[in-house]
Amino acid sequence: MGWLSKGSLRRPRVLSAIAGVAGLGTLAAVAMVAAPSTALAQAPNSGGSSGGSPIVYVNPPKRLIPEGQALFAEDCETCHGVDAQGSTRAPNLQGLGAATVDFWITTGRMPLADPTTQAIEKPPRLTNQQAEAIASYIVSLAPGGPGIPSVNLKAANISRGEFLFSEDCAACHTITGVGDALANNVFAPSLYPATPTQVAEAIRTGPGNMPRFGPGTLSNQEVADVVRYVEYLHAPNDRGGAGLGHVGPVTEGLVAIVFGLGGLMVAGYWIGGRAPR
């Protein structure tokens, strides 16, 4: 052993220690971003039923028809035509139901400045009562379509909602509901700003490029379950780590690379700089 110097004996120990610290950093990063599978099971109101209908659909009162007619003439008639029969710029609204009208107005997607672009959610120009008034007027022109839904979240099951969401919605909106780009400059929007009523309206009416899920595809109970899961996504239970925007593997991989591989590179550079020349 006399031919080994003290420095050469110490260097492998230093290398092992630094590699161990870098490995622990990688494990910590993975643990920070990975949420355990029990998060949903332990979320509040995660299951069971407290009785009552899961969803009740109601049309706005008829007393709002005169107000709705005036508002429609002022804000909607230019594109949708007289009596909401549609034009070359916008579709016919007769027979679509109150839920369709309420969704587009309360999410700020209508009125739309440029009908050739995808409508985006923004602060609405009209109040909820004004939206109901316009919906009441359109329903008076022709029956059809669902009324405005009121969702009973206490009767919903978040675990079933997650399963249904992963099957029918996650392909476009991602499993965390943050939205994603699709094709031809079309995108699936984030679901974080949506209210329970708006989520149920979107499921039943299929706004934009979204498919419409009728009662034959999703029952009222299943729609309520999906709505409950989307509500959970607004403030998810990130047990064991940080959410990192809930984008998923992109940010998780970035953290692993920065703290894991980055730590190993720094360690290698430091060891190389101390090597005898």
Taking the side chain as every heavy atom from C-beta outward, state whether Leu93 and Thr100 have any atom pair closer than 4.5 Å. no
For the pair Asn157 (side chain) and Asp225 (backbone), establish whether a donor and an acceptor sit closer than 3.5 Å, ignoring hydrogens and angles. no
Test side chain to side chain contact (heavy atoms under 4.5 Å, CB included) applied to Gln118 and Val186, Asn185, Leu182, Leu112, the passing residue: Val186
Under 4.5 Å between any side-chain heavy atoms of Met110 and Cys76, yes or no? no
May I have the step-by-step check of side-chain contact (heavy atoms from CB on, under 4.5 Å) for Gln94 and Asp83, ending in yes or no? CA-CA 8 Å; Gln94 292 191 14; Asp83 294 334; 3.9 Å; yes
Full working for side-chain contact (heavy atoms from CB on, under 4.5 Å) between Gln130 and Ile105: CA-CA 9 Å; Gln130 290 173 322; Ile105 296 178; over 6 Å; no
So Val101 and Leu96, do their side chains get closer than 4.5 Å, heavy atoms only? no
Do you know which two heavy atoms are closest between Ala224 and Ile55, and how far apart they sit? N-CD1, 4.1 Å
For Phe165 and Val227, run side-chain contact (heavy atoms from CB on, under 4.5 Å): C-alpha distance rounded to whole Å, both residues' side-chain angles, the deciding distance at 0.1 Å, then the answer. CA-CA 9 Å; Phe165 187 91; Val227 173; over 6 Å; no
Are Thr107 and Arg109 linked by a side-chain donor-acceptor pair shorter than 3.5 Å? yes
How far apart are the C-alpha atoms of Ile175 and Tyr229, what are their side-chain angles, what is the distance that settles it, and do they pass the side-chain contact (heavy atoms from CB on, under 4.5 Å) test? CA-CA 10 Å; Ile175 193 61; Tyr229 175 68; 3.8 Å; yes
Quick one: does Arg212's side chain have a donor or acceptor within less than 3.5 Å of a partner on Ile203's backbone? no
Minimum heavy-atom distance between Gly81 and Phe72, given as atom pair plus value: O-CE2, 3.4 Å
Any idea which heavy atoms bring Ala194 and Val199 closest together, and the distance? CB-CG2, 3.7 Å
Is there a donor-acceptor pair under 3.5 Å between the side chain of Arg125 and the backbone N or O of Gly108? no
Given 3.5 Å as the limit, does a donor-acceptor pair link the side chain of Ser87 with the main chain of Cys79, or not? yes
Return the CD1 to CD distance between Ile138 and Gln69, rounded to the nearest 0.5 Å. 11.0 Å
Where is the tightest heavy-atom contact between Trp104 and Pro207, given as atom of each residue plus distance? CZ2-CB, 3.8 Å
Hydrophobic clustering (ILVMFWY, side-chain heavy atoms < 4.5 Å, transitive) - are Leu141 and Leu71 grouped together? yes
Got more than 12 heavy atoms from elsewhere within 6.0 Å of CZ, Phe187? yes
Ile65 with Leu126, same ILVMFWY side-chain cluster at under 4.5 Å: yes
Would you mind reporting whether Gln198 and Thr106 have side-chain heavy atoms less than 4.5 Å apart? yes
Between Glu67 (side chain only) and Leu64 (backbone N and O only), is there a donor and an acceptor less than 3.5 Å apart? no
Considering non-hydrogen atoms only, spot the tightest contact between Tyr57 and Asn220 and give its length. OH-OD1, 2.9 Å
Are the side chains of Thr217 and Asp168 in touch, meaning some heavy atoms are under 4.5 Å apart? no
Can you find a heavy atom in the side chain of Ile158 that is under 4.5 Å from one in the side chain of Glu231? no
Could you check whether any side-chain N or O of His80 sits under 3.5 Å from a backbone N or O of Gly86, counting only pairs where one atom can act as donor and the other as acceptor? no
Residues, nucleotides or ligands: over 12 heavy atoms within 6.0 Å of Asn92 CG: yes
Quick check on Asp114: does its CG atom have over 12 non-hydrogen neighbours (other residues, nucleotides or ligands) under 6.0 Å away? yes
Grab the two heavy atoms, one from Tyr192 and one from Leu233, that are nearest each other, plus how far apart they are. CE2-O, 3.7 Å
Find out whether Phe213 and Val223 are in side-chain contact, i.e. whether some heavy atom of one side chain is under 4.5 Å from a heavy atom of the other. no
With distance as the sole test, does Ser136 use its side chain to make a donor-acceptor pair with the main-chain N or O of Glu132 at under 3.5 Å? no
Is the backbone N or O of Pro189 less than 3.5 Å from a side-chain atom of His173, with the two atoms forming a donor-acceptor pair by type? yes
If Ile, Leu, Val, Met, Phe, Trp and Tyr residues are connected whenever their side-chain heavy atoms lie under 4.5 Å apart, and connections chain through other members, are Val178 and Val226 in the same group? yes
Taking Tyr232 as the starting point, is it possible to reach Leu191 by hopping between hydrophobic residues whose side chains are less than 4.5 Å apart? yes
Within the 4.5 Å heavy-atom criterion, are Arg228 and Pro196 side-chain neighbours or not? no
